[in-house]
Amino acid sequence: MKDTFTHKGMRKKLVETLEKKGITNPAVLQAINTIPRHLFMDSGFIDHAYVDKAFPIAADQTISQPYTVARQTELLEVVKGSKILEIGTGSGYQTAVLLEIGAVVYSIERQNKLFKKAEIFFKKQKYTPKKLIFGDGYIGLETEAPFDGIVVTAGAPFVPKPLLAQLKIGGKLVIPVGEKSQIMTVFTRTSQTAFDKETFGEFRFVPLLENKN
Ligand code: SAH
């Protein structure tokens, strides 16, 4: 599958849509403008790759809506060299956005099929995550902690304690919290024991599933 001028033109329009919806971080917009989102989708849906919508991928999961990916990345305050843990690799699109900005990315996926697919996919790309992990994101990644940022890309019924514990001081956890719909929530670790909490409106995600490996 190729990246054509038509695709590039569609991406530019998508970036304009995201700007209208309030995304301002230039590095985030640049990443969306650069990454061929159609390569992360099953071929039947390619015509929809540059519409601002979520779409089905394998294993009953979805590739997140571009606006959601942009917003979560913006809220993470990622810069070049940030050490980021992503929960829910899925299609790998959010992973690629983080890599394009220059983050060092660890990403966990609990569906084996998606994990395997992402592993093969990233071997062929110019960007490579530091580590792709097949496992349960509820427990985070203790062996590589602490992180500058942790982004959860599935709806969490509650905030998993290990994720808070694995943040550096000054680090951020960006997590959609809720069952049917979710409130985008950002926790900033202000000291060893204290966290600031802010909320950023309602979103809809597939659920973060527990203990089902
Ligand atoms: N970041 C992805 C979003 C995929 S949807 C993208 O840009 O495409 C959310 C993903 O979270 C799904 O792939 C789902 O399998 C995964 N997931 C759900 N519960 C999980 C858990 N406990 N640990 C790790 N991944 C999980």
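For ligands, and for the atoms within them, numbers begin at 1 and follow the listed sequence. Computed from a prediction, not measured in an experiment: that's the story for all the values here.
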Number the atoms of ligand 1 from 1 as they appear, then name those within less than 4.0 Å of a heavy atom of [X], with their elements.
X      : result
Asp136 : 21 (C), 22 (N), 23 (N)
Glu86  : 1 (N)
Ile108 : 24 (C), 25 (N)
Gly90  : 4 (C), 13 (O)
Val206 : 5 (S), 9 (C)
Gly137 : 21 (C), 22 (N), 23 (N), 24 (C)

| Can Ser181 and Glu202 be counted as having a side-chain donor-acceptor contact under 3.5 angstrom? |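 Judged by distance alone, the side chains do pair up.
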| task | Using only heavy-atom distances, determine whether the side chains of Tyr50 and His7 contain a donor-acceptor pair under 3.5 Å. | result |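 Result is no, nothing qualifies.
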| field | Sub-4.0 Å heavy-atom approach of Glu210 to ligand 1 | value |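 It does not; every heavy atom stays at 4.0 Å or beyond.
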| message | Tell me whether ligand 1 is touched by Thr89 - counting only heavy atoms on the residue side and a distance under 4.0 Å. | response |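 The answer is yes: ligand 1 sits under 4.0 Å from a heavy atom of Thr89.
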Heavy atom to [atom], shortest distance: which of [options] holds it?
atom                    : options                       : answer
atom 4 (C) of ligand 1  : Ile133, Leu208, Ile139, Thr62 : Thr62
atom 7 (O) of ligand 1  : Gln61, Gln111, Gln94          : Gln94
atom 16 (C) of ligand 1 : Arg110, Met41, Glu109, Arg37  : Glu109
atom 10 (C) of ligand 1 : Gly135, Gly88, Ala96          : Gly88

Under the criterion side-chain contact (heavy atoms from CB on, under 4.5 Å), which of [options] is the partner of [X]?
X      : options                        : value
Thr73  : Val174, Leu98, Asn25           : Leu98
Thr89  : Leu132, Leu114, Val105, Ile108 : Leu132
Gln182 : Pro176, Pro207, Pro157         : Pro176

| request: Verify the ring-centre separation between Tyr138 and Phe158: is it less than 6.0 angstrom? | output: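 Yes, close enough.
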| Interatomic distance, Ile175 atom CD1 to Leu75 atom CG [nearest 0.5 angstrom] |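 Rounded to the nearest 0.5 Å, the CD1-CG separation comes out at 13.0 Å.
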Side chain or backbone of [X] under 4.0 Å from ligand 1, or both, or neither, by non-hydrogen atoms?
X      : result
Pro207 : backbone
Leu114 : side chain
Val69  : neither

| message | Check this for me - ligand 1, Ile57, N or O atoms closer than 3.5 angstrom, yes or no? | response |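 In this structure, Ile57 places no N or O atom under 3.5 Å from an N or O of ligand 1.
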| If we only count N/O pairs under 3.5 Å, is Leu209 in contact with ligand 1? |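 The answer is yes, given that Leu209 and ligand 1 share an N or O pair closer than 3.5 Å.
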| said: Strictly below 4.0 Å, N to O, side chains only: are Lys20 and Asp52 in salt-bridge contact? | reply: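 Looking at Asp52 together with Lys20, the answer is no, because their closest N to O distance does not fall below 4.0 Å.
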| query | Under the 6.0 Å and 45° cation-pi test, does Lys83 pair with Phe147? | reply |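 Judged by the rule, Lys83 and Phe147 form a cation-pi pair.
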| Does a sphere of radius 6.0 Å around NZ in Lys21 hold more than 12 heavy atoms from other residues, nucleotides or ligands, not counting ones at 6.0 Å or beyond? |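 Counting other residues, nucleotides and ligands, NZ of Lys21 exceeds 12 neighbours.
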